[in-house]
Novice: 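Before I ask anything, let me first share the structure, which is written out below as structure tokens.
Proteins come first, then strands; the chains are lettered A, B, ... in the order of their sequence lines, and each starts at number 1.
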Protein chains: 2
Amino acid sequence: MIRALRAAGFRVTPQRLAVLRILAKSAGHPGAGDVHRAARRAFPAISLATVYKTLAALKAVGQVLELEFSGLPNRYDGCRPGPHPHVICQACGRIVDPRNLDLAPTVAVLAGETGFAIHGSRVDFFGTCPACRRRAHC
Amino acid sequence: MIRALRAAGFRVTPQRLAVLRILAKSAGHPGAGDVHRAARRAFPAISLATVYKTLAALKAVGQVLELEFSGLPNRYDGCRPGPHPHVICQACGRIVDPRNLDLAPTVAVLAGETGFAIHGSRVDFFGTCPACRRRAHC
DNA sequence: GTCTGTGCAAACCCTTTGCACGATG
DNA sequence: CATCGTGCAAAGGGTTTGCACAGAC
């Protein structure tokens, strides 16, 4: 990530390092607020605006995937920066990355049917995760 | 739609009829602003708030599908109110409904892999529509 | 030393809400 | 005639931006 930032002419500041470390460590998909809170532990004066700007820089160099949710805070994935499907628990907000799901055949079918040149996708599945299912005694 | 509203105890007002007619007629996926502008032609005094409230009522009775986009206005589909995949042109904003796409097998695979109980999905593909591809002489 | 990054606060924009008035069943 | 819907204006909330100061290269 550091290399990617420098290569694009971005400077590497302590604040950016803090954000970067948090993204690299979090296996989940933290929100901007989560990143900010975590970054404050290493760098108490860091502002939310700086976190957003750093996330934007990392997105610009393809090192982080931004997941936007209307009405809910965005979530960020620094472990798998390419677009990929997600499975989201509506009870606890947990986001899981499925492994065995290849969209390429689907994209090919759609391109043929619609005539679109397809460049990307956003694929989310909503449900209840195993832990929350148990908690609701179902 | 009228029946569904009445059955749920909603009143049928001229404003709601105007919104309703626009949704039934638009094959595309208009935004709230589009609906408002169109509704003003039949009912010049109608407010944007009323449009939003009517859309919410129709959503509540399952007669319209709301597509939320972070940063962009929501889009509404009164023709196919159930969730379904979309193909979106990033150049002109057009939204197309593909026909030959069944997500059921995918959902089954995901449920097995993740242990989630999957209740819904949001599947969008982004690209360039045939018209915009021609316009960009590609 | 120059130019970029930071932090603060205000702006943004679509959407939602509070409220007094008007219309519906 | 009780209740719900309308229209206006203001609030709401995550994100973005303008600006002056500070720090990286």
Side-chain angles (χ1 to χ4, degrees), chain A residues 1-23 29-40 42-61 63-76 93 95, chain B residues 1-22 29-37 39-61 63-76 93:
Chain A
M1 287 193 193
I2 297 177
R3 260 189 297 275
L5 279 180
R6 266 202 244 271
F10 288 104
R11 292 181 180 169
V12 176
T13 65
Q15 290 94 331
R16 286 186 175 165
L17 275 175
V19 168
L20 216 128
R21 264 194 275 268
I22 287 154
L23 286 174
H29 300 69
D34 299 325
V35 175
H36 184 218
R37 269 185 296 279
R40 272 179 183 240
F43 208 103
I46 192 173
S47 76
L48 188 52
T50 295
V51 171
Y52 273 111
K53 286 167 185 167
T54 301
L55 290 169
L58 287 170
K59 184 172 55 162
V61 300
Q63 290 300 117
V64 80
L65 175 67
E66 182 181 57
L67 287 178
E68 302 185 310
F69 296 93
S70 181
L72 296 171
N74 296 353
R75 307 281 287 266
Y76 297 86
I95 300 182
Chain B
M1 287 194 193
I2 298 177
R3 259 189 298 274
L5 280 180
R6 266 201 244 271
F10 287 104
R11 291 180 181 169
V12 176
T13 65
Q15 290 95 329
R16 286 185 175 164
L17 274 175
V19 169
L20 217 129
R21 263 194 276 267
I22 288 154
H29 300 69
D34 299 325
V35 174
H36 184 217
R37 270 184 295 280
R40 272 180 183 240
R41 287 201 287 272
F43 208 103
I46 192 172
S47 76
L48 186 53
T50 295
V51 171
Y52 273 110
K53 285 167 185 167
T54 300
L55 291 170
L58 287 170
K59 185 173 54 161
V61 300
Q63 291 299 117
V64 80
L65 175 68
E66 182 181 58
L67 286 178
E68 302 185 310
F69 296 93
S70 180
L72 297 172
N74 296 352
R75 306 282 286 265
Y76 296 87

Novice: Could you tell me how far apart A/Q15 (CD) and C/dG7 (C1') are, to the nearest whole angstrom?
Specialist: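 Nearest whole value for this atom pair: 9 Å.
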
Novice: What are the two closest non-hydrogen atoms of A/L48 and A/A32, and how far apart are they?
Specialist: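 A/L48 and A/A32 have their closest heavy atoms at CD1-O, 4.1 Å.
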
Novice: Looking at A/V12, is its backbone amide N or carbonyl O close enough to the side chain of A/R6 to form a donor-acceptor pair, meaning the two atoms are under 3.5 Å apart?
Specialist: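 No; zero donor-acceptor contacts below 3.5 Å.
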
Novice: Atom CD of B/E66 to atom P of C/dC14: distance rounded to whole Å?
Specialist: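 Value for this atom pair: 15 Å.
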
Novice: Tell me: CZ of B/R37 to P of C/dC14, nearest whole Å?
Specialist: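 That distance rounds to 10 Å.
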
Novice: Going by heavy atoms in the side chains, are B/L17 and B/I2 under 4.5 Å from each other?
Specialist: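 Yes, close enough: below the 4.5 Å cut-off.
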
Novice: Using atom names, set out every protein N or O paired with an N or O of nucleotides 8-14 of chain D below 3.5 Å, distance rounded to 0.1 Å.
Specialist:
none

Novice: Which whole-number value in Å describes the distance from B/L48 CG to D/dG7 P?
Specialist: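 Distance check: B/L48 CG to D/dG7 P gives 11 Å.
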
Novice: Specify the separation, in whole Å, of atom CG of A/L55 and atom P of D/dT16.
Specialist: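 Rounded to the whole Å, the gap is 9 Å.
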
Novice: 5'-most contact on DNA chain D: B/R16 or A/G33, nearest heavy atom basis?
Specialist: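 Looking at the nearest nucleotide for each, B/R16 comes out on the 5' side.
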
Novice: Could you check how far CG of B/L5 sits from P of D/dC4, rounded to whole Å?
Specialist: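 Checked: the CG to P distance equals 15 Å.
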
Novice: Scan nucleotides 23-25 of chain C against the protein and return all N/O pairs shorter than 3.5 Å with their distances rounded to 0.1 Å.
Specialist:
residue	atom	partner	partner atom	Å
C/dT24	O2	B/R11	NH1	2.9
C/dT24	O2	B/R11	NH2	3.3
C/dG25	OP1	B/V12	N	3.4

Novice: Enter the distance from A/R21:CZ to A/M1:CE here, rounded to the nearest 0.5 Å.
Specialist: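 Rounded to the nearest 0.5 Å, the CZ-CE separation comes to 11.5 Å.
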
Novice: Please examine the side chains of B/D34 and B/I22, heavy atoms only from C-beta on, and report whether any two atoms are closer than 4.5 Å.
Specialist: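 Side-chain contact under 4.5 Å: no.
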
Novice: Look at the side chain of B/R75 and the backbone N and O of B/G93, then say whether any donor-acceptor pair between them is shorter than 3.5 Å.
Specialist: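 Flag set: sc B/R75 to bb B/G93 pair under 3.5 Å.
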
Novice: Looking at every strand, decide which applies to A/F69 at a 4.0 Å heavy-atom threshold: base, sugar-phosphate, or nothing.
Specialist: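 If one applies the 4.0 Å heavy-atom cut-off, A/F69 turns out to touch nothing in the nucleic acid.
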
Novice: How long is the straight-line distance from CD1 of A/I46 back to CZ of A/R16, given to the nearest 0.5 Å?
Specialist: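 Spacing of CZ (A/R16) from CD1 (A/I46) equals 10.0 Å.
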
Novice: Give every residue pair that meets the side-chain hydrogen bond (donor to acceptor under 3.5 Å, both in side chains) criterion with at least one member in residues 40-51 of chain B, sequence neighbours excluded.
Specialist: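 Only B/H36-B/R40, B/S47-B/T50 qualify under side-chain hydrogen bond (donor to acceptor under 3.5 Å, both in side chains).
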
Novice: Once rounded to the nearest 0.5 Å, what's the spacing between atom CG of B/L20 and atom CD of B/Q15?
Specialist: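 The distance works out to 12.5 Å.
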
Novice: Look at the side-chain N and O atoms of B/T50 and state whether any lies under 4.0 Å from the OP1 or OP2 oxygen of D/dG7.
Specialist: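 Answer is yes, contact under 4.0 Å.
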
Novice: What is the distance from CZ of B/F43 to C1' of D/dG5, rounded to the nearest Å?
Specialist: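 Going from B/F43 (CZ) to D/dG5 (C1'), I get 11 Å.
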
